[in-house]
Amino acid sequence: QKPIFPLCDFTLVSRARQEKTRLVHQTSCLLQQITMASDPRFARDNETVAEWLTMMLADSASFAHVVAGLTAANLYERLVDGVLLCTIANTVTEVLKSEGTSTLANKLELIDIRADPALEGARKVSEAKDNLSHFLVWARKVGIPDVLMFEPEDVVLNRNHQYVGGCLLQLQRVVSKLGDRFRLGKVRVKKVPAVSTATTVSEAVLDQQLNEVPHILVELGAKGVTLYPDAAVGMREQASATVAMVAPPGSDATFRTNLLEDKTLVLKAIMQDPFNVANYGKYVIKNAACTQLVEFDLKPDKFVSMPGTIELRDSIDKLMDKCHVTLTCTHTADPSKLHVGAVFLEGFTDSKGRLAVPKPPCNASFSVKVDPPTDSHKPLSSDCVFYNEFVERRFMIPRKLFNRIEVVLRWGGVVQDLDSHVFTSDGRHVYFSKKEAKNITLDKDVTNGYGPETLSWEVESGVKYLYVVHRYSGGLLCQSDAIASFNFETEAQERKIPNRNLPDALWWVVCSFDGSTGLCEWLDEFSESVSFKSEPYFKAAAAAGAAD
C-alpha cells in the first residue's frame, strides 16, 4: 500500500526552508531600508548622527581619517567593523579622565580596538562583533538604556537601521550633556598663539589665546556675543573687569555679562531697536588696559534683514498677488546716498506674490508697508535692515478673523523638523498625527525645515488653550530661530524663541490662552521630557483663577 504522502529527503527540505527564510529576511531588510530611506525624518536623524560623529573626531590628527567622507548615505556601511564607534567611545573616555571632573570617568575603560587588515571572512566578522560588543558595554555605562540598544549583528549584517540609528541618536544626546566639546553645534576651544580678526559672517567663530585672560570662543550674531571660557577661575570678577565693548557710532546696543552654571560666560547684546542699522558693524572686545583682543562684524539676524525679493503669503500659505508694497528709509549709514524718509521702493507683487528689491546704495533700515488688494486680509506694517547683503525672508499677511486664532510656525535650517501642538483643558490635542479635532485644525506637517505650519482654532468660552512647539529632529531647539506668528481677531503678534543655554530642551511652551477672558499669557518655558504633559499648566491656571 502506497503511503498517503510520498517519501522525500527531509534534509533537502530543511535546507530549502532555511534558504527561503534567508531570502525572505534579506528581502524584508531591503524593503525596510527602502521605506526608511524615503522617510525624511529618518534621513535627517542619520544626518545628525553623521555630523556629530564627524565633529567628535574631525580635529584629531590621529583619528580624522576614521570619519573622513562620512555622510548619512554611507553611515551604516562605515559602522560595520565597529572601529568608528569604539574610537568615539575612547575619545570621550580620554577627555573625561584627563579633565577629572566627572565621576563617570572612573567607570569607563579604554577599548582595545581590533582592526587587523589581514583578516577576511568569518574572522573579520568575529573581529567586528568583538569591537561592537565592547562598544555596547561602554554605552551601557554611559547611560544608554537596554531598550534602546542594538545587537552587534544588526551592524555587521547592515540591518535594523532604525535600532542602530535610534541608539546613536540617544548616545549623542547623553554624551552632549558631559560637556560643550561633545555638543553638536558647539565648536571646541583651541589654543591659538596669536589674535586674529573675524570676517563679516554672523556664524564666524574665533579661537583666541589671551595671555592671562581665560581662553574664549566668540560666537557672533544679533542675539549677542557668547564667550565660552576654558577655565572659570576668577571668571565672575574678570567678566566685568577684563572685558569691555567698543560699539559702532550711533549704536544703542549695550552688553551685559552673565556666568552660567556650566561656566559659560555670556555677553548679550541688548538693543533698544534691532532694526536700527547703526547697531550693526565693527565691535571690539578690549581688556582693562584698553588692549584690543577681538574685533568682529556683528550682522543682523535674518529675521530682521532685508530680502532680495519680497515674497508675500498669508497664514494658510496662499500667495498674495496684487499687493501694494512701500519701503521707506528709517535709518541710514550714509545720508548723502540715501536720506531718512525717502521712499526707496514702491510697487505691486506679481502672480507669484513677489516683488524684486534693488540693492540700496548704502546700509540702511526700512519700514515695510503692505496693502492687500481685498478686505479679506489685514494691512501689514513691518521693518527690515539691509547690511551688505540680502537674505531669504517671507512676510506673512494676516487674514481677517472672527472669533478665531491662527498661529503660524516658522524656523531656521538648524532644526529640520519642528511641530506645532495645541492642548485644550477639555482634553483635545492637535498635532501632526492628529490634524483635526473639534474646532481645531493643523494645515500640514512640514518635515524639511523652515515651515510654515498653521494651527487655527475657534475660540470657545470656558476652554483654555496651551500652544507648544516640539523639536522632532535635528539641531538644538533654542538655536532654531523659531518664530510663532499669532493672528488674533484684533491684532497680530510674533513670538521668537528665547536664546537660552538649554541644549537638551525638546519643548518650547509658548503661551496659554483663556477662551472666556480672551487673555493670552506668554510663558516661554522649556521642557526636556520626551513626552509633554499639559495637565500641570491647566491645573495651575485653574488654581490661579480660583485664587482671584
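Reckoned from all heavy atoms, side chains included, excluding hydrogens, waters and symmetry mates.
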Contact summary for C329 and A364, nearest pair of heavy atoms: SG-CB, 4.4 Å

Heavy-atom pair with the smallest gap, counting every atom of L477 and A505: CB-O, 3.6 Å

Salt bridge (Lys or Arg N to Asp or Glu O under 4.0 Å) pairs, two or more places apart, involving residues 518-533: R495-D524

T349 side-chain N/O to M320 backbone N/O, donor-acceptor pair under 3.5 Å: yes

F344 and P361, any side-chain heavy atoms less than 4.5 Å apart: yes

I310 side, atom CD1; L345 side, atom CG - distance, nearest 0.5 Å: 6.0 Å

Minimum side-chain heavy-atom gap W52-L168 below 4.5 Å: no

D443 side-chain N/O to T454 backbone N/O, donor-acceptor pair under 3.5 Å: yes

Near-ring test F432/Y472, centroid separation under 6.0 angstrom: yes

Side chains of E389 and K299 in contact at under 4.5 Å (non-hydrogen atoms): yes

For the student: nearest non-hydrogen atoms of E346 and T326, plus distance: CG-OG1, 4.0 Å

Non-hydrogen atoms of P307 and F395 that approach each other most closely: CG-CE1, 3.9 Å

Full working for side-chain contact (heavy atoms from CB on, under 4.5 Å) between V368 and L380: CA-CA 8 Å; V368 181; L380 172 69; 5.5 Å; no

Side chain K369, main chain L327, donor-acceptor under 3.5 Å: no

Side-chain touch T309/L355, heavy atoms, less than 4.5 angstrom: no

NZ (K318) with more than 12 external heavy atoms under 6.0 Å: no

Note, P373 side chain near C323 side chain (heavy atom, < 4.5 Å): yes

Passing option when K378 is tested against D314, D371, N487 for side-chain hydrogen bond (donor to acceptor under 3.5 Å, both in side chains): N487

Distance (rounded to the nearest 0.5 Å) between Q493 CD and C520 SG: 7.0 Å

side-chain hydrogen bond (donor to acceptor under 3.5 Å, both in side chains) assessment of R404 paired with S456: CA-CA 7 Å; R404 289 191 70 84; S456 65; 3.1 Å; yes

Option among N439, T441, I440, T424 that satisfies the side chain to side chain contact (heavy atoms under 4.5 Å, CB included) test with V430: I440

Check: M306 and V357 side chains under 4.5 Å, non-hydrogen atoms: yes

Residues in salt bridge (charged side-chain N to carboxylate O under 4.0 Å, His left out) contact with K464, at least two apart in sequence or another chain: D514

Side-chain donor or acceptor of Y280 paired with backbone N/O of V385 under 3.5 Å: no

Distance in Å, R428 CZ paired with S534 OG, rounded so as to fall on 0.5 Å steps: 12.0 Å

Between S531 and S529, a side-chain donor and acceptor under 3.5 Å: no

Shortest non-hydrogen contact between P248 and A278, atoms and distance: CB-O, 3.9 Å

Over 12 foreign heavy atoms within 6.0 Å of NZ, K444: yes

Distance, nearest 0.5 Å, that separates NE2 of H421 from NZ of K434: 13.5 Å

Test side-chain contact (heavy atoms from CB on, under 4.5 Å) applied to V446 and W411, step by step: CA-CA 11 Å; V446 178; W411 63 95; 4.1 Å; yes

Rounded distance (nearest 0.5 Å) linking atom NE2 of H377 with atom CG of L312: 10.5 Å

Validation row: W457, V422 side chains within 4.5 angstrom (heavy atoms): yes

Inter-residue atom distance I483.CD1 - L409.CG, 0.5 Å rounding: 9.5 Å

Distance-only polar pair, side chains of S251 and N279, donor-acceptor under 3.5 Å: yes

Cationic N near anionic O, under 4.0 Å, R410 to E494: yes

Residue pair S480 / R471, side-chain donor-acceptor N/O under 3.5 Å: no

Working for side-chain contact (heavy atoms from CB on, under 4.5 Å), residues N388 and N363: CA-CA 6 Å; N388 295 337; N363 292 332; 3.2 Å; yes

Where L455 and S420 come nearest, the two heavy atoms and their spacing: CD1-CB, 3.5 Å

Pairwise side-chain contact, Y537 with E535, heavy-atom cut-off 4.5 Å (strictly under): no

Mutual orientation of the aromatic rings belonging to F486 and Y467 [parallel < 30°, tilted 30-60°, perpendicular > 60°]: perpendicular

Check: S365 side chain, F275 main-chain N or O, donor-acceptor pair, under 3.5 Å: yes

Criterion side chain to side chain contact (heavy atoms under 4.5 Å, CB included) against H470, the qualifying member of F532, Y431, W507, W508: W507

Trace of the side-chain contact (heavy atoms from CB on, under 4.5 Å) decision for L466 with L523: CA-CA 10 Å; L466 188 68; L523 300 173; 3.8 Å; yes

Within 6.0 angstrom of K400 NZ, more than 12 heavy atoms from elsewhere: yes

